[in-house]
Amino acid sequence: MRHLIAPSVLAADFTKLADEIALVNQSEADWFHFDVMDGRFVPNISFGFPILEAVKALATKPIDVHLMILEPEKYIEDFRKAGADVISVHIEACSHLHRTLQQIRATGAKAGIAVNPHTPVSLLEDVLEDTDLVCLMSVNPGFGGQKFIYQTLNKIRKLRAMLDERNLDEVYIEIDGGVGLQNAEIILQAGADVLVAGSSVFKAAKPIETISQLKALSAHKFDNF
Ligand code: DX5
Ligand code: ZN
């Protein structure tokens with residue numbers, strides 16, 4: 001499987017959002033990553049439904065919605081209606097994660113679990129079959145432009161082994177935070193499938209070329225066969 005690139009809208013220039021979306025549409029990127037923050041689960045507030053609807057109206061690629069909010073189960077159907085194709089909820093924000101994953105799948109969206117840096121991947125053991133994507137946070141969620149936490153590489157390897165043991169090849173491992181050309185290859189080699197890239201794409205001198213470079217990197221082990 002070829003890895004996917006998901007530029008994070010959080011790092012876009014909102015004074016020209018339509019141009020930024022057009023740029024991603026034209027590029028080799030695969031998805032849009034859309035970060036929703038509530039000021040409660042994380043110490044920052046980003047954007048919600050109206051902006052998601054605006055992005056959806058212009059986007060020609062799937063939208064991967066990352067909910068950094070408490071009680072995400074209250075808003076799943078609304079995010080789906082506003083344009084989400086993938087919806088990830090934080091394991092730390094869900095008392096009934098299994099139920100919430102089913103709720104997401106029932107809307108027709110892909111169901112993802114996001115995992116904070118301090119949360120061990122072993123906690124996912126009994127829900128891997130019920131998820132389409134695991135988003136491993138490689139920074140503490142809440143802000144773009146932070147430094148990649150290198151311990152994430154061990155978590156990627158562990159999760160890849162857990163998926164391999166269960167023959168769950170179709171579950172994506174997504175890495176979110178501090179990803180750029182300086183570390184993308186090692187992240188892919190550890191076993192990642194989806195790279196979220198915010199600042200490294202939108203703050204680059206030539207974002208379309210940066211996306212192509214991220215896309216062209218040698219991907220994880222399956223590509224070597
Ligand atoms: C952080 C967000 C990320 C963020 C990544 O809380 O979940 O998706 O946009 O931004 P960069 O790539 O700048 O670290
Ligand atoms: Zn995110």
> For P50, what residues pass the side-chain contact (heavy atoms from CB on, under 4.5 Å) criterion, not counting sequence neighbours?
Replying inline: none

>> I want to check something: taking the side chain as every heavy atom from C-beta on, are I187 and L153 in contact at a cut-off of under 4.5 Å?
In response: yes

>> Between H3 and D193, is there a side-chain heavy-atom distance shorter than 4.5 Å?
In response: no

> If you take all heavy atoms of I156 and A190, which pair is closest and at what distance?
Replying inline: CG2-O, 3.4 Å

>> Suppose we screen for salt bridge (charged side-chain N to carboxylate O under 4.0 Å, His left out). Which residues come up paired with D130, at least two apart in sequence or across chains?
In response: none

> For F32, does its backbone N or O pair with a side-chain atom of K61 as donor and acceptor, under 3.5 Å?
Replying inline: no

>> Within the 4.5 Å heavy-atom criterion, are L124 and T131 side-chain neighbours or not?
In response: no

> Taking only residues two or more places apart in sequence or in another chain, which ones pass ring pair (Phe, Tyr, Trp, His ring centres under 6.0 Å) with H66?
Replying inline: H33, H90

>> What I'd like to find out is whether the side chain of M68 reaches to under 4.5 Å of the side chain of V36, using heavy atoms alone.
In response: no

> S138 and D176: side-chain donor and acceptor closer than 3.5 Å?
Replying inline: no

> Does some side-chain heavy atom of I76 sit less than 4.5 Å from a side-chain heavy atom of R80?
Replying inline: no

>> Suppose we screen for side-chain hydrogen bond (donor to acceptor under 3.5 Å, both in side chains). Which residues come up paired with R157, at least two apart in sequence or across chains?
In response: N154

>> Restricting to side-chain contact (heavy atoms from CB on, under 4.5 Å), what partner residues turn up for D132, sequence neighbours left out?
In response: R105, K110, A111

> Do the non-hydrogen side-chain atoms of N140 and P117 ever get within less than 4.5 Å of each other?
Replying inline: yes

> Does the side chain of L97 reach to within under 4.5 Å of the side chain of V89, using non-hydrogen atoms?
Replying inline: yes

> Among D64, V55, V86, whose side chain to side chain contact (heavy atoms under 4.5 Å, CB included) with F34 holds?
Replying inline: V55

> What is the ring orientation for F14 with F47, classed by angle as parallel under 30°, tilted 30 to 60°, or perpendicular over 60°?
Replying inline: perpendicular

> side chain to side chain donor-acceptor pair (under 3.5 Å): which pairs involve residues 196-213, sequence neighbours left out?
Replying inline: E28-S212

> Can you check whether L136 reaches V134 side chain to side chain, under 4.5 Å on heavy atoms?
Replying inline: yes

> With sequence neighbours excluded, what pairs up with K215 under the salt bridge (charged side-chain N to carboxylate O under 4.0 Å, His left out) test?
Replying inline: D30

>> Testing the basics here: between E185 and S218, what is the closest heavy-atom pair and its distance to 0.1 Å?
In response: OE2-OG, 2.8 Å

> Does any N or O in the side chain of T119 come within less than 3.5 Å of the main-chain N or O of V115, such that one atom is a donor and the other an acceptor?
Replying inline: no

>> Take a 6.0 Å sphere around OH of Y75 and say whether it holds more than 12 heavy atoms from other residues, nucleotides or ligands.
In response: no

>> Which residues pass the side-chain hydrogen bond (donor to acceptor under 3.5 Å, both in side chains) test with N183, not counting sequence neighbours?
In response: none

> Taking the six-membered ring for Trp, are Y172 and W31 parallel (under 30°), tilted (30 to 60°) or perpendicular (over 60°)?
Replying inline: perpendicular

> Who passes side-chain hydrogen bond (donor to acceptor under 3.5 Å, both in side chains) against D38, sequence neighbours left out?
Replying inline: none

> Taking it one step at a time, do V127 and L101 satisfy side-chain contact (heavy atoms from CB on, under 4.5 Å)?
Replying inline: CA-CA 9 Å; V127 282; L101 294 171; 4.2 Å; yes

> Is a side-chain N or O of Q146 found less than 3.5 angstrom from the main chain of F143, in a donor-acceptor match?
Replying inline: yes

> When you look at CD1 of I186, are more than 12 heavy atoms from neighbouring residues, nucleotides or ligands closer to it than 6.0 Å?
Replying inline: no

> Can you name the residues that form a side-chain contact (heavy atoms from CB on, under 4.5 Å) with E77, not counting sequence neighbours?
Replying inline: Q103, T107

> Quick one: side chain to side chain donor-acceptor pair (under 3.5 Å) pairs with a partner in residues 39-57, sequence neighbours left out?
Replying inline: K56-D85

> Looking at residues at least two apart in the chain, or sitting in another chain, which of them share a side-chain hydrogen bond (donor to acceptor under 3.5 Å, both in side chains) with T152?
Replying inline: none

> If you take all heavy atoms of V139 and G178, which pair is closest and at what distance?
Replying inline: CG1-N, 3.9 Å

>> If I take atom CG from residue D169 and atom CG from residue L163, how far apart are they, to the nearest 0.5 angstrom?
In response: 8.5 Å

> Is the backbone N or O of G177 less than 3.5 Å from a side-chain atom of K147, with the two atoms forming a donor-acceptor pair by type?
Replying inline: no

>> Which heavy atom of A184 sits nearest to which heavy atom of L214, and what is that distance?
In response: CB-CD2, 3.7 Å

> Within a reach of under 6.0 Å around CZ of R166, are more than 12 heavy atoms found that belong to other residues, nucleotides or ligands?
Replying inline: yes

